Amino acid sequence: MAETKLFELNNGTIQVKLSNIGCTITSLLVPDKHGKLADVVLGFDTLDPYLKGDAPYFGCVVGRVANRVKDGKFSLDGVHYSLPINNPPNTLHGGHKGFDKVIWEVAEYNQGDNPSITFKYHSQDGEEGYPGSVSFTATYALTSKTTLTLEMEGVPENKPTPINLAQHTYWNLSGHNSGSILDHTIQIWANHITPVDQNSIPTGEITPVKSTPFDFTTENKIGSRIHEIGIGYDHNYVLDCGNEKSNGLKHAARLKDPISKRVLDLWTNAPGMQFYTANYVNGVFGKGGAVYEKHGAACLETQGFPNAINQPNFPSVVVRPGEKYKHSMLFEFSAE
């Protein structure tokens with residue numbers, strides 16, 4: 001088996017540690033308004049728990065298809081496919097051994113003022129039930145003093161296949177060991193969500209957030225209405241109202257911590273974003289003796305819509321030979 005390793009990107013302001021297991025961000029240090037650094041992502045001190053799957057997808061890239069596929073079944077061009085059911089009754093985040101649990105190769109590693117690392121992985125035809133071989137790359141780069149980018153690409157070689165990668169970092173801008181994020185505020189540039197059934201599968205509807213607890217079109221505390229929706233947020237937001245940067249990326253979300261004043265702005269080219277409030281994290285032993293509990297972080301997973309392969313009215317996640325899957329994320333850190 002290939003060797004598991006840690007790599008660092010450091011530009012003097014942001015320090016990121018990454019593993020070749022699942023292209024995982026294991027730590028990310030950013031300054032507050034006084035220049036004090038804190039590690040703002042949940043994770044582990046060693047690589048073993050990532051490999052074993054002890055982490056509830058901390059910091060990793062998930063695929064070949066992120067989120068849930070209903071009943072682990074889909075049809076494509078008249079062929080029926082069955083996937084492993086690892087989140088009964090559905091398939092979640094690529095199956096039993098999704099891209100988060102495989103060791104990626106390092107294709108390129110540059111240090112210096114604008115450090116970057118490119119991981120690559122060749123996914124075989126039939127891997128976790130998905131059709132066709134696909135070559136994937138994921139490139140993390142510190143493109144400015146306060147900016148981290150992630151570019152994910154996939155090129156199908158011989159068959160059409162669904163592709164939907166997501167970056168699953170758990171953020172706590174107070175610091176990974178600071179407890180609940182219900183006092184963080186968030187703004188999400190989405191006028192709609194895709195509501196779900198009792199098994200967390202979208203019903204196919206696209207419904208307005210206005211006048212509901214899902215409305216974060218203006219900045220609001222995460223915890224202000226969370227009690228109205230059961231155990232917490234775990235929903236796909238339709239990114240339909242964010243302004244665009246010159247590079248074509250849309251504003252997806254802004255997360256703020258009232259204590260440290262750290263701010264994270266997320267930009268993407270993806271159509272959706274799963275907003276997840278760590279509802280199923282329960283007594284996970286993490287870095288430096290921290291114990292992570294429910295609502296101890298927020299995930300901002302830009303993505304294609306969940307179960308899109310079975311929903312013809314959702315944007316397609318099918319990529320065919322001769323086409324390229326491209327998913328861009330830009331994380332901008334600041335302090336107010």
Side-chain angles (χ1 to χ4, degrees), residues 57 62-95 98 128-131 154 156 160-168 186 188-217 225-226 228-242 250 252-253 268-277 279-280 299-320 323 325-327:
Y57 304 99
V62 293
R64 178 177 307 189
V65 173
N67 218 298
R68 293 168 180 86
V69 176
K70 185 180 182 181
D71 300 329
K73 290 183 167 50
F74 69 91
S75 296
L76 182 53
D77 295 350
V79 183
H80 300 292
Y81 296 95
S82 286
L83 312 171
I85 306 294
N86 65 323
N87 184 247
N90 307 311
T91 300
L92 176 68
H93 293 330
E128 292 295 313
Y130 287 100
T161 181
I163 300 176
N164 184 18
L165 305 187
Q167 214 297 339
H168 209 300
I186 194 166
I188 303 174
W189 278 269
N191 286 317
H192 300 81
I193 58 161
T194 52
V196 293
D197 66 16
Q198 71 278 13
N199 295 318
S200 298
I201 293 290
T203 60
E205 301 163 282
I206 294 174
T207 59
V209 296
K210 193 174 169 65
S211 305
T212 76
F214 298 100
D215 188 352
F216 289 98
T217 50
R225 297 154 298 169
I226 199 167
E228 295 176 44
I229 51 158
I231 60 168
Y233 294 97
D234 190 9
H235 297 78
N236 174 60
Y237 279 72
V238 179
L239 301 175
D240 54 9
C241 58
K250 329 175 272 236
T268 188
N269 65 341
M273 184 189 80
Q274 194 81 4
F275 174 44
Y276 173 54
T277 47
N279 310 324
Y280 302 107
C299 300
L300 309 172
E301 309 157 53
T302 60
Q303 61 180 1
F305 294 0
N307 196 40
I309 190 66
N310 291 312
Q311 283 291 357
N313 61 319
F314 285 179
S316 175
V317 293
V318 174
V319 187
R320 297 181 177 276
E323 300 174 344
Y325 167 86
K326 291 185 82 158
H327 180 180

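This is a predicted model, so every value here is computed, not measured.
A donor-acceptor pair under 3.5 Å links the side-chain atoms of N307 to the main chain of K70, judged by distance alone. At distances below 3.5 Å, not a single donor-acceptor pair connects side-chain atoms of N87 with backbone N or O atoms of L92. For H93 (side chain) and V62 (main-chain N/O), no donor-acceptor pair under 3.5 Å exists by modelled atom type. Of the possible polar contacts, none joining the T194 side chain to the P202 backbone as a donor-acceptor pair under 3.5 Å is found. Within the 3.5 Å criterion, the main-chain N or O of N199 finds a donor-acceptor partner in the side chain of N90. Between the side chain of N86 and the main chain of G95, a donor-acceptor pair closer than 3.5 Å is present. Under a 3.5 Å cut-off, the side chain of T91 and the backbone N or O of P84 do form a donor-acceptor pair.
Residue S75 holds its OG atom at 8.5 Å from CD1 of I309, rounded to the nearest 0.5 Å. If you take OG1 on T212 and CD1 on I193, they are separated by 6.0 Å, rounding to the nearest 0.5 Å. For the atom pair I206 CD1 and N236 CG, the distance stands at 9.0 Å (nearest 0.5 Å). Of the inter-residue distances, the one linking C299 atom SG with M273 atom CE reads 10.0 Å to the nearest 0.5 angstrom. Of the inter-residue distances, the one linking F305 atom CZ with N310 atom CG reads 15.0 Å to the nearest 0.5 angstrom.
Under the side chain to side chain contact (heavy atoms under 4.5 Å, CB included) criterion, D234 pairs with R68, Q274, Y276, N279, Y280, sequence neighbours left out. The side chain to side chain contact (heavy atoms under 4.5 Å, CB included) check on D77 picks up P160, R320, with sequence neighbours excluded. K250 pairs by the side chain to side chain contact (heavy atoms under 4.5 Å, CB included) definition with L239, E244, not counting sequence neighbours. H235 is linked by a ring-ring contact (aromatic ring centres under 6.0 Å, His included) to F214, counting only residues two or more places apart in sequence or in another chain. Taking the side-chain hydrogen bond (donor to acceptor under 3.5 Å, both in side chains) definition, one finds that T161 meets it with R64, sequence neighbours left out. With sequence neighbours excluded, the residues forming a side chain to side chain contact (heavy atoms under 4.5 Å, CB included) with K73 are S82, listed by chain and number. Every residue meeting the side-chain hydrogen bond (donor to acceptor under 3.5 Å, both in side chains) condition with Y325, not counting sequence neighbours, appears here in chain and number order: H327. Under the side-chain hydrogen bond (donor to acceptor under 3.5 Å, both in side chains) criterion, E323 pairs with no residue at all, not counting sequence neighbours. Applying the ring-ring contact (aromatic ring centres under 6.0 Å, His included) rule to Y237 yields no partners; only residues at least two apart in sequence or on another chain are considered. N269 is linked by a side-chain hydrogen bond (donor to acceptor under 3.5 Å, both in side chains) to nothing, counting only residues two or more places apart in sequence or in another chain.
Taking every heavy atom of both residues into account, L165 and G63 meet most closely at CD2-CA, 3.8 Å. Considering all non-hydrogen atoms of both residues, A308 and V317 come closest at CB-CG1, 3.9 Å. Taking every heavy atom of both residues into account, C241 and A190 meet most closely at SG-N, 3.4 Å. Heavy atoms only, all atoms of each residue included: T302 and A166 are closest at O-CB, 3.7 Å. Of all heavy-atom pairs between T268 and A252, the closest is CG2-CB, 4.1 Å.
Side-chain contact between I188 and Y233 is absent, with no heavy atoms from C-beta onward closer than 4.5 Å. Inter-residue side-chain proximity for F74 and L83 is flagged as met; some heavy-atom pair is nearer than 4.5 Å. The shortest distance between side-chain heavy atoms of I186 and F275 falls below 4.5 Å. Contact of the T217 side chain with the V209 side chain is registered, since non-hydrogen atoms from C-beta on lie closer than 4.5 Å.
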Verify side-chain contact (heavy atoms from CB on, under 4.5 Å) between T277 and I226, making sure each step is shown before the conclusion.
CA-CA 9 Å; T277 47; I226 199 167; 3.9 Å; yes
If you apply the rule side-chain contact (heavy atoms from CB on, under 4.5 Å), what do you find for D215 with R225, and how did you get there?
CA-CA 10 Å; D215 188 352; R225 297 154 298 169; 4.1 Å; yes
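Listed by first then second residue, pairs satisfying salt bridge (charged side-chain N to carboxylate O under 4.0 Å, His left out) with a partner in residues 189-214 number zero, not counting sequence neighbours.
In this structure, a donor-acceptor pair under 3.5 Å is present between the side chains of D240 and H192.
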